[in-house]
Amino acid sequence: MKDQQTLGNILRRQGISRRGFLKFCATMTSMMALSPTMVPAIARALEQARRPSVIWLSFQECTGCTESLTRSHAPTLEGLIFDAISLDYHHTLQAAAGTAAEAARESAMKDNFGKYLLVVDGSLPLDNPGYSTIAGVSNKDMLEEVAKGAAAIIAVGTCAAYGGLPHARPNPTGAVSVSDVISDKPVVNVPGCPPIPVVITGVLAHFLTFGRLPELDRLGRPLAFYGNNIHDRCYRRPFYERGQFAETFDDEGARKGWCLYKLGCKGPVTYNACATTKWNNGTSFPIESGHGCLGCSQPDFWEMGGFSQALSEPIGISGSTLAGGIIGGAALGAASGLLNRRRKADAMARHEKVGVDDLKKDGETS
Ligand code: SF4
Ligand code: SF4
């Protein structure tokens, strides 16, 4: 690679103390849902990691994913990680334009062939190559060209991951996802409309630490961040269990912070880290501000009924309780949640084993 600086060197140059760096590693470890015993292994791996070249391609998108990332406040984990990568090409963020920008992309691809990370936001319009182009090249051709030399691809946002809103019926552009076009490279989906910034950087941190992408669920999402549904971690869950629901956005239940299920919350069938990581530096998330989850990290989330329409009528309500807590959508979510939780636990156990074995090799554990 062109830039042989290690992440440790870069962070030290930025004035990050050893203590600050270890604190950062501890936060990353917990963010990636790994055991605290992994902190020394992660610190060592991150410190020695080379600055990776990242090429970011934006296709049929609204720039919301980039906005999400750049709206985070400094200094943050996101900021530290982004300072530590070499973002060699990004339409919105780069100073270069036109021929100079494309020359930067080509040179990054040539210098780092087989090693660079490709980040994509936006879907790919297949029905007419002219719908969306970069430097006169169709999105599909550009993706195929840049994917050839990529070590891995991160599909950021629901559009890149599953086609997103452009894919909604009647899908006038023939919008498809990254993995509909590329099948011979590892692709990790980081869906959300937009995704949580720290989840994007968490995936980058995982790649820097372990040299590979994290464990994924059946929809290609990292289990560490998408292993639980919103409902399982929602602070309004006790109200759901007691059958206390807001019926309108301004009734007494809404004022008292009761469950938003009847107002269309899709939390029971939506897998994302919003209820734990939250947004805006952990300040809040949509349910905390009084609106149900729209399900934006699920494929075709707009098809789950109207945004203010309940998944199904709660059944088994007796008095003020919800007998058995059985709700069609929730039951579906719970079954799939159990599977995801088991897979997440397996993934964590594997990581811990890798970490402990690494440490043993280095004689850091007895
Ligand atoms: S239905 Fe929505 S608001 Fe109610 S507990 Fe579940 S996630 Fe929270
Ligand atoms: S709460 Fe639901 S709709 Fe809102 S950002 Fe999170 S996953 Fe998307």
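Numbers here simply count residues along the sequence, with the first being 1. Counting convention: from 1, in listed order, for ligands and their atoms alike. Heavy-atom basis, side chains included; hydrogens, waters and symmetry copies ignored.
Residue contacts with ligand 2 for Asn272 involve side-chain atoms from C-beta outward but no N, CA, C or O (heavy atoms, distance under 4.0 Å). Here Ile196 has no heavy atoms under 4.0 Å from ligand 2, in either its backbone or its side chain. Only side-chain heavy atoms of Cys274 come within less than 4.0 Å of ligand 2; its backbone N, CA, C and O stay farther off.
Of the N and O atoms on the side chains of Thr270 and Asn272, not one donor lies less than 3.5 Å from an acceptor on the other residue. In the model, His167 has no side-chain atom that pairs as donor or acceptor with a side-chain atom of Ser123 under 3.5 Å. Asp127 and Thr173 are not linked by any side-chain donor-acceptor pair at a separation below 3.5 angstrom, with hydrogens and angles left out of the test.
Of the possible polar contacts, none joining the Ser86 side chain to the Asp88 backbone as a donor-acceptor pair under 3.5 Å is found. Proximity of a side-chain donor or acceptor of Thr209 to a complementary backbone N or O of Ala45 within less than 3.5 Å is not detected.
At least one side-chain heavy atom of Leu143 sits less than 4.5 Å from a side-chain heavy atom of Ile182. Contact check for Trp56 versus Thr92: no side-chain heavy atoms found under the 4.5 Å cut-off.
Shortest contact from atom 3 (S) of ligand 2 to any protein heavy atom: Leu294 N, 3.1 Å. The nearest protein atom to atom 2 (Fe) of ligand 1, hydrogens excluded, is given as Cys265 SG, 2.3 Å; this is a heavy-atom distance. When only non-hydrogen protein atoms are considered, atom 7 (S) of ligand 1 lies nearest to His231 CA, 3.5 Å. Taking atom 4 (Fe) of ligand 2 as the reference point, the nearest protein heavy-atom neighbour is Pro286 CG, 3.2 Å. Nearest to atom 8 (Fe) of ligand 1 among the protein's heavy atoms is Cys234 SG, 2.4 Å.
Tested against Glu288, the residues Arg236, Arg233, Lys278 include a single salt bridge (charged side-chain N to carboxylate O under 4.0 Å, His left out) partner, Lys278.
Heavy atoms from other residues, nucleotides or ligands lying under 6.0 Å from NZ of Lys140 number 12 at most.
Using a 4.0 Å cut-off to heavy atoms of Thr270, the atoms of ligand 2 that qualify are 7 (S). Which parts of ligand 2 touch Cys293 is read off a 4.0 Å heavy-atom cut-off, strictly below it: atoms 1 (S), 2 (Fe), 3 (S), 7 (S). Residue Arg237 has at least one heavy-atom neighbour below 4.0 Å for each of these atoms of ligand 1: 5 (S). Listed by atom number, the atoms of ligand 1 under 4.0 Å from Cys259 heavy atoms are 1 (S), 4 (Fe), 5 (S). Per-residue contacts place Leu260 under 4.0 angstrom from the following atoms of ligand 1 (heavy atoms of the residue considered): 3 (S), 4 (Fe). In the vicinity of Gly295, heavy-atom distances shorter than 4.0 Å reach the ligand 2 atoms 2 (Fe), 3 (S).
Between atom 8 (Fe) of ligand 2 and Cys296 there is an N/O/S contact shorter than 2.8 Å.
Using the six-membered ring where Trp is involved, Tyr240 and Phe245 have ring planes that are perpendicular, over 60° apart on the 30 and 60° scheme.
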